[in-house]
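Remarks on the structure that follows.
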Amino acid sequence: MAEASRVAPKHPMQFSMDKGLEIPSIPLVLIKIIQTLDEDSSSAKELESLILHDPALSARILRLANSAFYSFYTRVKTISHAIALLGMNLVTSLAIGVNIFDSFTKGAKSEAASINKLWTHSCCVAVLVKEIWVYRGHKEKEGEFAFLCGLLHDLGKVVLFKTYPAHYGALFAVVKSENDPAISFYEEDNYGLDHAAIGEMLAKQWGFPPELSSVIRKHHDPSELGTPMINAVMLADLMAKQLKIGYDGDDGLYEDLSNIQSKLEISDAEYKHLMEFADRERENIEGFFQISS
Ligand SMILES: [Fe+2]
Ligand SMILES: [Fe+2]
């Protein structure tokens, strides 16, 4: 019997597609931004005013704009300047990610350390997916969408923390051995659905673009190998785990790394470069996205 089941006894409440999941709400303005993600219809002014209403978010955006990721020559002091330099899509992605993590984790004092690790993991995956995407010759704008896919791939875990804080916190935090099943197994066993299925339910409810919902649903599904964005998220997920930047509740590497790598046509040298890139940025990734208490 695996360690995780002993530490976190089976939970009596189960998610159910039929009974319906109580969908946590996020600010309406955020839903509007999500829905216009691929329409280019929201203005920089609108985005700026949303961000300015949230001092913690404003601070994070400015830190990112002034970070080593973006070697701008001038110091970025205002949100409008950050939007101009980073681009609408990237700032929108960060606003969505930060808002979701913040609104779902309010009051989760004892689980804060685990949620912080999950956030750092998600940020690392986001940075890497964007890098992989641009590496493959895609446009910068698509790279920004790739960033969002990485940031939200484990959305279902955030929901589980919110819904079953103590129980999921214990399941998440337990150190699993290489031979234990993935956390998805325990989620399904305890709650009826795993984080991929729960994340997809929310993504659909909130009107996320279909490609984003699909990444959230299929990022652990080996039968989905061949869809580039899903592959890129899978690869970045494995890299973040190998580098131990953040933590997403799993210690084992369950997906077939070399198969994903070859599907994406990432050579060993490119793989090494990507790993070195993320390792160099470790401190920045870990530092930027600390959840404010
Ligand atoms: Fe996952
Ligand atoms: Fe993950």
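No experiment lies behind these values; they were computed from the predicted model shown. Counting starts at 1 for both ligands and their atoms, in listed order.
Looking only at N/O/S atoms, His121 comes nearest to the Fe ion (ligand 2) through NE2.
Panel note: side chain Ser262, backbone Glu265; no donor-acceptor pair is recorded below 3.5 Å. Side-chain N or O atoms of Asn66 include one that pairs as donor or acceptor with a backbone N or O of Leu62 at under 3.5 Å.
Side chains of His220 and Asp194: no donor on one and acceptor on the other come within 3.5 Å.
Protein contacts to the Fe ion (ligand 1) involving N, O or S atoms at a distance below 2.8 Å are Asp154 OD1, His195 NE2, His219 NE2, His220 NE2.
The stretch residues 230-246 participates, sequence neighbours left out, in these salt bridge (Lys or Arg N to Asp or Glu O under 4.0 Å) pairs: Lys241-Asp248, Lys241-Asp250.
A salt bridge links Glu200 and Lys204; the closest N-O separation between the charged side-chain nitrogens and carboxylate oxygens is under 4.0 Å.
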>> One pair to check against side-chain hydrogen bond (donor to acceptor under 3.5 Å, both in side chains): His195 and His153. What are the steps and the verdict?
In response: CA-CA 9 Å; His195 69 274; His153 75 287; over 6 Å; no
